[in-house]
Participant: 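Dropping a structure here in structure tokens format, bear with me for questions.
Here the structure is a predicted model, which means the values were calculated and not measured. Chain letters run A, B, ... following the sequence lines, proteins first and then strands; every chain starts at 1.
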Amino acid sequence: MNYWLMKTEPDVFSIDDLEARGREPWSGVRNYQARNFMRDAMAEGDGVLLYHSNCPEPGVAGLARVAGKAYPDPTQFDPKNEYFDPKSPRENPRWVLVDVAFEKRFAAVLPLSWMKGRPELAHLACLQRGNRLSITPVDPTSWSFLLAEARRIERR
DNA sequence: GCCAACGTTGGC
DNA sequence: GCCAACGTTGGC
């Protein structure tokens, strides 16, 4: 079982949207490295930290899980969709997605400003300098630490 | 809005 | 295959 962090812009799709829908096909990933994580390394049941980016308070907003294995992203074939990719052959689709299932909304966002510089999160990929990937692996230490913090603020 | 950092494109 | 130009991401 692996752990992941997936970024989303809350203006577009937030943890509340995921809660309302229950489950969402994670369409629109158009980066090869992120695609490879979904295609090659994700498995049903993997843990997901949902991260709000490009917003007033960036940080981890809640918990989800991978709901199945990767399959072709249908938006790549739709000329009217913003993620349409005319160079993706139907017989050999370039882009895949996984379904993501809602698990929990944290009592408050765990802010990026708080995460920065925490020794427990030293190996968290999304905090490494220059990282812009929308999907990154999460090491078990970081995972446990963030979940513990989420439980702590819930009791507060 | 600025800008650093990185990915992608395309000419050669 | 190199690399300059361009586009995107995302914090601030």
Participant: Taking only the side-chain heavy atoms of Lys87(A) (C-beta and beyond), determine which of dA5(B), dG11(C), dG10(B) contains the nearest atom.
Facilitator: dG10(B)

Participant: Counting only side-chain N and O atoms of Tyr32(A), is one of them less than 4.0 Å from OP1 or OP2 of dC6(B)?
Facilitator: no

Participant: Can you measure Ile135(A) atom CD1 to dG10(C) atom P for me and round it to whole angstrom units?
Facilitator: 11 Å

Participant: Is it the case that the ring center of Tyr32(A) lies less than 6.0 angstrom away from the ring center of Trp95(A)?
Facilitator: yes

Participant: Quick check: do Gln76(A) and Arg30(A) have side-chain heavy atoms less than 4.5 Å from each other?
Facilitator: yes

Participant: Assess whether side chain to side chain contact (heavy atoms under 4.5 Å, CB included) is satisfied between Thr136(A) and Leu124(A), documenting all intermediate values.
Facilitator: CA-CA 9 Å; Thr136(A) 47; Leu124(A) 189 59; over 6 Å; no

Participant: Does the side chain of Arg132(A) get closer than 4.0 angstrom to OP1 or OP2 of dT8(C) through an N or O atom?
Facilitator: no

Participant: Within this structure, what is the CG-to-P distance between Leu133(A) and dA5(B), rounded to whole angstrom?
Facilitator: 16 Å

Participant: Without decimals, in angstroms, what is the distance between Lys116(A) NZ and dG11(C) C1'?
Facilitator: 6 Å

Participant: Rounding to a whole Å, what distance do you find between Tyr51(A):OH and dG11(C):C1'?
Facilitator: 8 Å

Participant: What is the distance, rounded to the nearest whole Å, between atom CG of Leu5(A) and atom P of dG10(C)?
Facilitator: 11 Å

Participant: Using OP1 and OP2 only, check whether a side-chain N or O of Lys7(A) sits under 4.0 Å from dG10(C).
Facilitator: yes

Participant: Answer yes or no: is there a donor N or O on one side and an acceptor on the other, between the side chain of Asp73(A) and the main chain of Ser27(A), under 3.5 Å?
Facilitator: no

Participant: Among the nucleotides dG7(B), dG11(C), dA5(B), which one has an atom lying closest to any side-chain atom of Asn54(A)?
Facilitator: dG11(C)

